[in-house]
Amino acid sequence: MKKLLQPAGLGMLSMILMVAILWPWNSNDFAENREIRLRNVGHKILLASGDTTSRVLPIDKISEGEFIILFESPFQFEPDTLVKVIHAGLKEGIDGEENYRVNVLQCKGNQIVYGYQMSGHKDKTIVPCQGRIQPKDCYRIKIQFEPNQLKASNFSIPIFIGILAFGFLFMFKKNHSKPERKQALDQSPSLYIGKYDFKYESYLLRIGKEEIELSQKENKLLKLFASHQNEILERDRLLKEIWEDEGVFVGRSLDMFVSKLRKKLLRDPNIELKNIRGRGYVLQVD
């Protein structure tokens, strides 16, 4: 077993873990990526209609697989272009989707002016009335994804890979020297937040003997707060610095990650991550 944990074996383990992690699991990250993708679809729909200035409003999530894209201003659309833009946008990325229904609704009266269905099976794809340009009006686009798009057979491989990978990882941790790891952590740079020792290079929060792991976005967000304790950080700044690389800013994602950090900071009653209405957030440390 020790031979497997030499550099070559660790490289293989890293590849296995990467495959398991990048597989399109139906998780919170998958849901978050879906909303980001939908906002990007709305952006491209406006561009196709010649609108480069008005905004795509926050996505309205009706249920787990049903969403409405809202727009700030009226626009016109050609069904053929609309179908292509939506399909290209939803297929982007490793967890792209092919099975969904689209209805374009008038804001007033909620009447359906255009609708179609896309499926990975051609016999289930229904795209009518292409080529007829719809007049400029206030529209909302409702997209409903088919449930259980990821079949059980698709999960068998990543589940097996995950079990195998974590088996290797468990053995590696068991054989790895704990004093060496502790020494490396102790020597890594820290930011102190009340009773917490924040090891931002290791994505860890430590309080006493307890270690709390952080995701990449949680880590970036907490580092901003920890570097500006008792200072109000504007929402726009937080969104830009954390989500700038993704090209689309999603306010709900910020609120979600702030909520996660609040839960991880509960062990120190002198810490409060407060919402400053209309401005942003402040990490208040007494």
Side-chain angles (χ1 to χ4, degrees), residues 30-93 95-97 100-118 127-145 217 221 233-258 275-281:
F30 179 82
E32 179 192 354
N33 289 339
R34 177 181 272 174
E35 292 197 30
I36 292 172
R37 191 180 291 111
L38 287 170
R39 282 187 63 88
N40 195 39
V41 165
H43 167 68
K44 290 181 179 178
I45 288 171
L46 290 180
L47 290 180
S49 72
D51 185 343
T52 60
T53 56
S54 63
R55 296 180 303 129
V56 179
L57 301 178
I59 300 297
D60 184 7
K61 183 177 180 180
I62 301 174
S63 64
E64 190 61 30
E66 197 170 359
F67 303 81
I68 294 181
I69 305 175
L70 304 171
F71 302 89
E72 181 182 44
S73 303
F75 64 96
Q76 69 175 23
F77 68 92
E78 180 183 357
D80 182 68
T81 302
L82 182 80
V83 172
K84 290 178 181 177
V85 167
I86 293 177
H87 197 56
L90 295 181
K91 285 187 68 176
E92 287 179 357
D95 53 353
E97 297 167 295
Y100 54 88
R101 290 198 303 273
V102 175
N103 284 315
V104 182
L105 312 172
Q106 282 183 317
C107 299
K108 187 176 181 180
N110 218 29
Q111 294 294 315
I112 298 175
V113 298
Y114 182 70
Y116 66 93
Q117 178 173 311
M118 294 296 293
V127 186
C129 305
Q130 290 180 271
R132 298 183 182 179
I133 297 178
Q134 297 294 321
K136 189 172 185 178
D137 201 347
C138 176
Y139 297 113
R140 302 184 299 159
I141 298 179
K142 180 179 178 181
I143 300 181
Q144 185 172 0
F145 298 94
K217 284 190 174 63
L221 190 58
L233 294 179
E234 304 288 340
R235 286 181 67 88
D236 288 346
R237 176 181 176 184
L238 294 169
L239 287 168
K240 183 178 179 183
E241 295 204 28
I242 305 301
W243 279 272
E244 184 177 36
D245 293 340
E246 296 179 13
V248 181
F249 300 155
V250 182
R252 288 183 181 179
S253 294
L254 172 59
D255 299 333
M256 179 183 71
F257 280 103
V258 167
N275 177 22
I276 308 300
R277 185 175 293 276
R279 294 188 64 185
Y281 291 96

Result of checking L82, I45, I112, I69 against V104 for side chain to side chain contact (heavy atoms under 4.5 Å, CB included):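 Of the listed residues L82, I45, I112, I69, the side chain to side chain contact (heavy atoms under 4.5 Å, CB included) partner of V104 is L82.
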
query: Is any side-chain N of the basic residue among K240 and D236 closer than 4.0 Å to the acidic one's carboxylate O?
result: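 Looking at K240 and D236, the cut-off is not met.
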
- request: Decide yes or no on side-chain contact (heavy atoms from CB on, under 4.5 Å) for V102 and M118, but give the supporting numbers first.
  value: CA-CA 8 Å; V102 175; M118 294 296 293; over 6 Å; no

field: Any side-chain heavy-atom pair of R235 and R279 under 4.5 Å
entry: no

Measure across [X] and [Y] and return the closest heavy-atom pair with its distance rounded to 0.1 Å.
X    : Y    : result
I242 : K217 : CG2-CG, 4.2 Å
L90  : R37  : CA-CD, 3.3 Å
R39  : I59  : CG-CG1, 3.4 Å
P74  : C138 : CB-N, 3.9 Å

Rounded distance [0.5 Å steps], [atom1] in [X] versus [atom2] in [Y]:
X    : Y    : atom1 : atom2 : result
R101 : Q144 : CZ    : CD    : 4.0 Å
L38  : D60  : CG    : CG    : 11.5 Å
L105 : I68  : CG    : CD1   : 6.5 Å
K44  : K84  : NZ    : NZ    : 14.5 Å
Q76  : D51  : CD    : CG    : 11.0 Å
I133 : T81  : CD1   : OG1   : 8.0 Å

Residue R140 excluded, over 12 heavy atoms near CZ under 6.0 Å: yes

task: Kindly state whether the ring of F71 and the ring of Y139 have centres lying under 6.0 angstrom apart.
output: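 No; Y139 has its ring centre 6.0 Å or more from that of F71.
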
Verdict with supporting geometry, T52 and L47, side-chain contact (heavy atoms from CB on, under 4.5 Å): CA-CA 6 Å; T52 60; L47 290 180; 3.9 Å; yes

- request: Could you please spell out the steps behind the side-chain contact (heavy atoms from CB on, under 4.5 Å) verdict for F77 and V85?
  value: CA-CA 11 Å; F77 68 92; V85 167; over 6 Å; no

query: Would R34 count as a cation-pi partner of F145, with NZ or CZ less than 6.0 Å from the six-membered ring centre and within 45° of the ring normal?
result: yes

message: For L254 and L221: C-alpha separation, side-chain torsions, deciding distance, then whether side-chain contact (heavy atoms from CB on, under 4.5 Å) applies.
response: CA-CA 9 Å; L254 172 59; L221 190 58; 4.0 Å; yes

